Every structure is written in C-alpha cells, then in structure tokens.
Amino acid sequence: MYSSIATVGLSGTLEEKITAIAQAGFAGVELFENDLTVFPGSAREAGELIRAHGLTLVTLQPFRDLEGLTGTARQQAFDRAEQKFDLMAELGTDLLMCCSTLHPDALPGLDRAAADYAELGERAARRGMRVAFEALAWGKHIHDYRDSWEVVRRANHPAVGLVLDTFHIFSRQTELTSMANIPGERIFLVQTADAPRLSMDHLSWSRHYRCFPGQGELNLDEFMQRLVATTYQGPLSHEIFNDVFRMGHSAQTARDGLRSYHLLRSMAQPETVPAAQPIDGVAFVEINIRPERADVLRQDLRALGLSCVGRHRTLSAERWAVNQLNIVVNMEADFAGRPAGRQHTHVGAFGVLVEHAEGAVKRAAALGFDLLKPEAVGATHGMTALRNADGSLGYIVDAAQLAQVWAQEFVALDAVPEGHLVEVDHLSLSMNYHDYLSLMLQYRAVFDVVPSASFDVTDPRGLIQSQVLQNRQHPGPFRLALNASMSPDTSSNRFLHTVGGSSVQHIALRTTDMATTVAALDAAEVPCLSIPQNYYRDVQARFGLNPAVTEWMRSHDVLYDADEGGEFHQRYIRPEQQSFFFEVVQRDGYLGLGAPNAFVRAAAQQQALELSTAGGNAT
Ligand SMILES: O=C(O)c1ccc(O)c(O)c1
Ligand SMILES: [Mg+2]
C-alpha cells in the first residue's frame, strides 16, 4: 500500500495543492476534476506539474452517471467517458474513478449496471486504461459496497475494479465481513476518510464533515485489518471533503494527512510501531511571564497553597508545587523552542505523564509528528516535546524522568507541601479553528486517549466548539478540553488575540476541599469571576440542594453540577487578567468538566471584560 490524497481535500490552486501534497511526502494524488477544469494550463501541463513534484497521478475523479441508462442518454454517457479517456491520456493516468449513478432516468438492476461497466471496461482497455466503481452512500440504486462489488464481479473484466471508500461504508453502517469475499487485486482504489457521528443526510455529512482517519469516530482499525486480509496493494488515498480544510493552511493539512496515513498503516500492522500509552496526568504546566508581572502570579499560587520549592540552576525560572501539582514559572525573555509572537503571559508548555516516555516518543516519531529534542535547543532536562499545532510544547515524560528533572535542573528551596490542592484536573486549550483537528489527531494518534462527543458552548458573541480528550478508561487522570470558535469575538477568540496564538486558556486545579480553598483565596484577596445571581436560582431549581448550600455558592461565586458519578464545584480566579486563568474544581466522583456551566462562565467573562474596559482597567 502507498500514500495518496485527493486534491479536493486541500485549499488553494492546483499548483498550491500539489506543492503541499508533495512537500508533506505523499507518493500519489487523486485529481479531482474541478481542479483540472480551473487549472490555467493544459491537461498535459497539469500532468507534468504532478510528475515534476514526484507524485503518481492515481486517478482522475469523479466520473458520474454512467450506469442504468438506455437509448441516446446511454450513448451520450459513453461518449462523455471517451472524452475523459482523452483527458487521461494527456494527464498521464490510467484510472477513471466512477461514482454510482444519481441520474433521474437511471434504471436499477445489478446485471444492467454490470453490462454497462463491462462495456466501459472494454473501451478503457482498448486504450490501456481501467475504470473503478464506487458506491456513493446516496447513490440512486447502488449505495452499498457489496452491490458495487457485485457489479464489478459480474462485469468480469480485467479493466473494471472496485473503489472502497470508508465514509460511504461506515456512514451506512454496512458490515465489513463481506470484504473477505473481495480479492485484493479486484480493488483498484481505497479512499480513506473519518467523520464525526452526526445525524444528517449522507450527502451533507460527506461533503462538509469528513476528516482524516484519527480525527473522527469511524472504526477504521477494523477496516484496515480486513483490508490487509484481502492482500490489497494499491493506494490508501485520503478523500476529505471538509469545510475547514477548504479554508486554508494546506501545508499543515497535508502534513496531518500523511501522519494519518502512518496511523492507518500502524492499525494494519500494530507490531511495527510502539503501542499508544494512556496519559496518566499532567506532570507540570509552564507559564511564561515577564518578571515584572510575576509577583501577582506568585501571590495567587501562594494563596492556592503552592510553595516555591525550587529555583532553576541556570534559567530565570521557579518550580511551584503542592502534592502532585507542579507549575514552572519561567521568566526568561526568550527561551528556545517556545512559540513565536506571544507577548502576554501564557502557557508555553505542559508535560504529560506516561509510563514509558521513550516508547511514546518513538511512536510519535514513527507517525511523523514534530518533536523537539532537548539537545536541539541545548536543554539538559532530557525531555522530548511534541510541538503542538498551537506552537506550544507538550513534553512527554515518565515518573523517573520527572523526578530527575526536579532534582537536577532545580536547586531545592523547600519540601513539596501537602495541602488541599492535589493535581491538575484538566487543561483547556483555545485554538485557531484550523488547529482543532490537527491537535485532535496528534493526541489521539500518539496516546491512548479518546474524544468526548463534540458540543457547543454558547458565548454571548457566538458559539465555541468544544470537545474533551480523556482516558479510554473513564474516569481517568487526564482531561484536555479543545475549544475553537468561528466567531471573532467569543471569549476563546479574544484570548487568541491577546496571547498571539492558540494556547492553554485555563488551568483547572483539583482541590479536595473547596470551602477551605475558597477561604484561602478570599483571605488573600484573589479576585474571582463574578457569577450572575440568576444562575443560582436555576441551580436551586434543578438540584434541590439545601438552600444554605446554594446560598454559600452564590456568595462565593462557586458553580455547581452533578452527574451519575457525583457532585462538582468550580470557581474561576483572576479572569482575563493574565490572559489565561486558573479554575479550582472539586470533583466527588463527577465524570465531566462542568460543560453545563460553560455558557455561564463565557457570559460572566464577557461581563467582566465590559466592566474592566468601562473602568479603564483592561490588562
Ligand atoms: O461527494 C461526491 O460527489 C463524491 C465524489 C467522489 C467520491 O469519491 C466521493 O466519495 C464522493
Ligand atoms: Mg469516494
């Protein structure tokens, strides 16, 4: 099998698409005919462009509405096909990909379709060409791969083969066991796509929401195993119709496409790549801050019960800790490997804990992800980092390495205190829309984490799409919320503008005793996000708590939720001040991240912003 991608999946002109595809390292490309139609040169020049970039032109696609016609309509369909064969000769490809018909006059019948394809195959063969037949999920008569295979089988012509497209197969929930009946050499093309599970018509779902394998929810693992069993040897070609991919950033999209291809190959041959490991928690969060601003942060950390337990031996950086919670306050003006263009205080890096860091790093490298090796930037801590699409770093670290980092990189100042705060509960990233699927792929491909269903947070200025990556064994120790918004003024996009790019927007810290943590924050006069009063009327009505409990939450701006696992309390501190902010949570068996409260938080942030702007206090 070899890598390929359809031009429809990228943004830009044909030349831009081909450049991005070649630079990412693909071997082949499917030419979507619209891209040829608007190409300013001839078909021959388009073919030369593709070959000059070292790519194989896998197929011209799609050819539509061939089978099931009679009389002149049938004749015209074959004439049209002959003209596409002329085009293919000039382009330099031998395969025409044909979709099952949507023609209003097309008649049903597998034998009729098989006879049409036998004739098309015969015409193609005369010119040294081949045709491949695909069942569209919304095909008029043929919308199931078992039927398209039956057409190919009955056509019984060496120049007629099958297309398997994972979207069409999974979107109709067709069983995969019948793949075992198809000899690998009769499959001429495999088109790979993933997708979120949505309930909408097949065509709209396919044309707008496809994504790369590893970004959606289809069972591509099983598909790949069954495909290997057929002994198929041809291209694995991503065919992705996606609204975000069409908007731009083709180089990044193409690179992700190749990573996704490596992921598919690893599903087919799991023994070739180290297994994905679960994430056991957030090892540390590193905050980049200018020295003159650090005192406010130190004050907040102290109020939260953290102590400054170490000073970096060579850099202007401090380690603050309590129990398993570690925050590195980095005051270096310019630190190698950090994202460019960030002005404000921001989270420049965080570390994720795995059992064997070396295995996870090897897996990430094998799948083609960008890694920052410590040697490359003259760092002595020994930790390799994934370079997140947002520019921040995701260090991969195991317990032994982490202990060594603290012992060797920092001069110990104090013992790590015990207190009510125990660890990072979750991180919430706000990112550019085009980074969303990129990060999703990275975490899901490298680690054994799974996404929650996607949901929309209603911000006063628009919707924020949100999804949580978490342990497969749920509830587990790791949760990473991904947020992105198409609306320019939502809280997540305001944050992007302030910080100068995607980053961690809030760090949620878990306390075992919210009342004590709140009292300590109040005693230290750490401001918290003011929650609208009406929220508590609704909490009281929904949960029927003791009114005194609700009143305590109201007077302390604590948010509440409960699910089948248990109760949840949250409080946001110093909102908007340092661009990112802390959240303190207490979870007593609760499974989620307080999603039902997210719209209240977004509105409260908007109100806080308006107040601070009106008062001339904007930071
Ligand atoms: O949406 C379409 O029309 C379309 C075209 C070609 C394909 O291979 C496909 O899967 C869908
Ligand atoms: Mg297809």
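The residues of the chain are indexed from 1 along the displayed sequence. Nothing here was measured: the structure is a model prediction, and the numbers come from that model.
Residues forming a salt bridge (Lys or Arg N to Asp or Glu O under 4.0 Å) with Glu355 (at least two apart in sequence, or on another chain): none. Applying the salt bridge (Lys or Arg N to Asp or Glu O under 4.0 Å) criterion to Arg571, with sequence neighbours excluded, gives Asp522.
Nearest heavy-atom pair, Ala321 versus Asn326, reported as atom, atom and distance to 0.1 Å: CB-OD1, 3.4 Å. Here the closest heavy-atom approach between residue Asp398 and residue Leu353 is recorded as C-CD2, 3.9 Å. Taking both residues in full, the closest heavy atoms of Thr458 and Phe599 are given as O-CB, 3.4 Å, listed atom of the first, atom of the second, then distance. Taking each heavy atom of Glu134 and Glu239 in turn, the nearest pair found is OE2-OE1, 4.2 Å. Pairing each heavy atom of Met247 with each of Ser11, the nearest pair is C-OG, 3.9 Å. In terms of heavy-atom proximity, Ala193 sits nearest to Leu218 at O-CD1, 3.8 Å.
Side chains of Arg554 and Gln533: a donor on one and an acceptor on the other come within 3.5 Å. Side-chain N/O atoms of Gln467 and Tyr436 include a donor and acceptor closer than 3.5 Å. There is a side-chain donor-acceptor pair under 3.5 Å between Arg494 and Gln606. The closest side-chain donor-acceptor pair between Ser492 and Ser430, if any, does not fall under 3.5 angstrom. Using modelled atom types and a 3.5 Å distance limit, the side chains of Glu30 and Gln191 yield a donor-acceptor pair. Side-chain contact of Gln465 with Asn483: a donor-acceptor pair under 3.5 Å is absent, judged by distance alone. Side chains of Asp435 and Ser502: a donor-acceptor N/O pair is present below 3.5 angstrom, by distance only.
Remark: Arg537 does not engage Glu551 in a salt bridge, criterion side-chain N to carboxylate O under 4.0 Å. Note on Arg259 versus Asp370: salt bridge recorded, some NZ/NE/NH1/NH2 to OD/OE distance being below 4.0 Å. The pair Glu217-Arg197 fails the salt-bridge criterion, with no side-chain N (NZ, NE, NH1 or NH2) lying under 4.0 Å from an Asp/Glu carboxylate O. Between Arg207 and Asp201 there is no salt bridge, since no side-chain nitrogen of the basic residue lies less than 4.0 Å from a carboxylate oxygen of the acidic one. For Arg574 and Asp300, the salt-bridge test passes: some basic side-chain N is under 4.0 Å from an acidic carboxylate O. Between Arg479 and Asp425, at least one side-chain N (NZ, or NE/NH1/NH2) sits under 4.0 Å from a carboxylate O, which counts as a salt bridge.
Listed for the Ser260 side chain is no donor-acceptor partner under 3.5 Å among the backbone atoms of Asp256. For the pair Asp557 (side chain) and Ile531 (backbone), a donor-acceptor distance under 3.5 Å is present. No donor-acceptor distance shorter than 3.5 angstrom exists from the side chain of Asp538 to the backbone of Ala541, with no hydrogens or angles considered. In this structure, Asn323 contributes its side chain and Leu325 its backbone to no donor-acceptor pair below 3.5 Å.
More than 12 heavy atoms of other shown residues, nucleotides or ligands fall within 6.0 angstrom of atom OH in Tyr536. At most 12 heavy atoms of other shown residues, nucleotides or ligands fall within 6.0 angstrom of atom CD in Gln324. Shown here is Glu175, whose CD atom has more than 12 heavy atoms of other residues, nucleotides or ligands within 6.0 Å. When the shell of 6.0 Å around NE2 of His474 is examined, it contains more than 12 heavy atoms from other residues, nucleotides or ligands.
Between Val584 and Leu304 there is a side-chain heavy-atom pair separated by less than 4.5 Å. The shortest side-chain heavy-atom distance between Phe223 and Leu176 falls under the 4.5 Å cut-off. Looking only at side-chain heavy atoms (C-beta outward), Leu402 and Phe284 come within less than 4.5 Å of each other.
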Working for salt bridge (charged side-chain N to carboxylate O under 4.0 Å, His left out), residues Arg363 and Asp448: CA-CA 11 Å; Arg363 178 175 174 85; Asp448 185 23; over 6 Å; no
Trace of the ring pair (Phe, Tyr, Trp, His ring centres under 6.0 Å) decision for His168 with Tyr145: CA-CA 8 Å; His168 300 303; Tyr145 81 92; over 10 Å; no
Derivation and outcome, ring pair (Phe, Tyr, Trp, His ring centres under 6.0 Å), residues Tyr209 and Phe241: CA-CA 7 Å; Tyr209 296 97; Phe241 302 81; over 10 Å; no
Derivation of the side chain to side chain contact (heavy atoms under 4.5 Å, CB included) call for Met440 and Leu469: CA-CA 8 Å; Met440 181 70 81; Leu469 286 169; 3.7 Å; yes
Verdict with reasoning, Leu463 to Met486, per side chain to side chain contact (heavy atoms under 4.5 Å, CB included): CA-CA 7 Å; Leu463 294 181; Met486 299 258 199; over 6 Å; no
Working for side chain to side chain donor-acceptor pair (under 3.5 Å), residues Thr192 and His238: CA-CA 5 Å; Thr192 45; His238 294 321; 2.9 Å; yes
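Between Phe582 and Tyr572, the gap from one ring centroid to the other reaches at least 6.0 Å. The ring of Phe580 has its center no closer than 6.0 angstrom to the ring center of His506. For an aromatic pair to be called close, the ring centres must be under 6.0 Å apart, and Phe245 with Phe212 satisfies this.
Classification of the Phe568-Tyr590 ring pair by plane angle, with boundaries at 30° and 60°, yields parallel.
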